[in-house]
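Numbered from 1 within each chain, the chains take letters A, B, ... in sequence-line order.
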2 protein chains.
Amino acid sequence: MNTDKHSQGPKKEDYLSHIAFDSVIFGFNGKQLKILVLEYQNTGLFALPGGFVKRNESLKDAVTKGVMERTGIEDLYLEQFHTFGNLDRFDSKAMERILEMNGLDIKAHEWLLDRFISIAYYALINFEEVNPIPDPLADSIEWYSLDELPPLMMDHEEIVQKALETLRENLDKKLLGMNLLPTKFTMKELQNAYEKIMGETFKRTAFQRRMLATKNLVRHEKLFTGGAHRAPYLYSFKIK
Amino acid sequence: MNTDKHSQGPKKEDYLSHIAFDSVIFGFNGKQLKILVLEYQNTGLFALPGGFVKRNESLKDAVTKGVMERTGIEDLYLEQFHTFGNLDRFDSKAMERILEMNGLDIKAHEWLLDRFISIAYYALINFEEVNPIPDPLADSIEWYSLDELPPLMMDHEEIVQKALETLRENLDKKLLGMNLLPTKFTMKELQNAYEKIMGETFKRTAFQRRMLATKNLVRHEKLFTGGAHRAPYLYSFKIK
DNA sequence: TATTATTGTAACAAACTGTTACAATAACAA
DNA sequence: TTGTTATTGTAACAGTTTGTTACAATAATA
């Protein structure tokens, strides 16, 4: 029996039909904000990492497992932000091409060509801690800056936009405890994260005061980088 | 051929399997905040109005149509707030009972006993403008205050909680143009709506100043109610 | 010990919020 | 007409938060 990854795709009977998930995985390294995009084998098609929900697993578990398989990270910040259910959101031609280029039998995977409703989640991680792993059907997975995204298939660009909007709305409430930054970080790194996500700049002093006023930061030792200037303190988020 | 409403339920082939929607329909009349709850025929089971998505209609259209069928309102404020996908969220025994009590053949409707993922929306309407219409399978649909809800089936109480949380978070951003209030309303009615939704009281003068500062209200003529006191102005939301 | 680049805070002003006070009504009664 | 009562619309003041500028406190290096 051929167990090569190209010999068999997801089996219809294992999954809930018509239901998919997509994930917008935001990565930050103290300087740049990027997202993970995968490219399907020989098709020139770019897409968000996604998957299907097994009949015997919860939606949340399916997404957690899916994102873990791409990033290797088990304990990440995941937030559901929207479910996409337009009629025009599935492109059976593209899916057919992906199956074909992966040597998968189209008849056996016909259920994948049907209409899907997709529940979208975003994740936040520090991309320097991650070695992304491609989808079984994809041959590459790469970090892309938001302003240098390749054209994404189906409605995936709309999904990214909505993810960014939601992240911006939630930033003040939910940046805490998330993994976008290393455990300990400087105020400048935190400000960079805010600025890259919000797409605007902040005054250093006001930003510092606002962050400290939240009482959600713990101050640690100073960070000596070798620069000829006063060393900044390191901070971490309080676990609530 | 029997066309009685009890003779046939939704047909499997018309709908996307495993996908449902539920709606939390908030109503306000200037004084009280309520939601619509329906009771299934002879079962003692209470539930949120919901439905399924046809294969050839968008998710949004399905929900809009569903809510319209219960309320008669075509043009309402609808917002998707969460998708519920836990394993324990479907109770096939309850569904079986509902089918049975409606004289529907269980075999023919077996797909309804399977696992469903539900996309939840909330709607905002002025409940004095509405004559709720029961589900084909339900025998009553009634307005209930949030603090006097009957026990709801499955995870519907959790859905209501999450709807209320989301509504509270969105109130300042999205109260505008919604139909919770009549087109023209007094500042007191607006304050009542805010207080009932947020579950807290506000100082009259500060509330009035805050609302006027948003620049989203248009002032109209005064409202003479016959009360022995200065008459309040009427306001409406600016259409943006 | 001076120089340079940053960081941490203080100080002041401007904007926003909370609270109190009070004048301006509508309806009604004397 | 003129009080009386209940409620509404604003102004005034205080307290709090936010924006801006200024400046002292370092780390490394010359």
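- Side-chain N/O atoms of S118(A) and D22(A) include a donor and acceptor closer than 3.5 Å.
- Atom CZ in R210(A) sits roughly 13 Å away from atom P in dT20(D) (whole-Å rounding).
- At the heavy-atom level, A231(A) lies under 4.0 Å from the strands shown only through sugar-phosphate atoms.
- One can place CD of Q208(A) at 17 Å from C1' of dT17(D), the figure rounded to the nearest angstrom.
- Checked for salt-bridge contact, D147(B) and K34(B) miss the test: no charged N lies under 4.0 Å from a carboxylate O.
- Figure legend: cation-pi geometry between R219(B) and Y233(B), with NZ or CZ positioned under 6.0 Å from the six-membered ring centre and within 45° of its axis.
- Residues R209(A) and T205(B) each lie close to DNA chain C; by heavy-atom proximity, the contact nearer the 5' end of the strand is made by R209(A).
- Between H229(A) and R219(A), the residue anchored closer to the 5' end of DNA chain C is H229(A), taking for each the nucleotide with the nearest heavy atom.
- On the nucleic acid side, DNA chain C contacts chain A at distances under 4.0 Å to non-hydrogen atoms, with the end points of that region at dT4(C) to dA11(C).
- Within 4.0 Å of T186(B), counting heavy atoms only, lies no atom of the nucleic acid at all.
- The interatomic distance linking L212(A) (CG) with dT18(D) (P) rounds to 13 Å, in whole Å.
- Between A213(A) and T225(A), the residue whose closest nucleotide on DNA chain D is further toward the 5' end is A213(A).
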Exercise answer: donor-acceptor pairs, residues 198-206 of chain B side-chain atoms, under 3.5 Å, sequence neighbours excluded:
none

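- The interatomic distance linking K203(A) (NZ) with dG19(D) (P) rounds to 10 Å, in whole Å.
- Listed for the H156(A) side chain is a donor-acceptor partner under 3.5 Å among the backbone atoms of L48(A).
- In this structure, Y194(A) has its ring center under 6.0 Å from that of F207(A).
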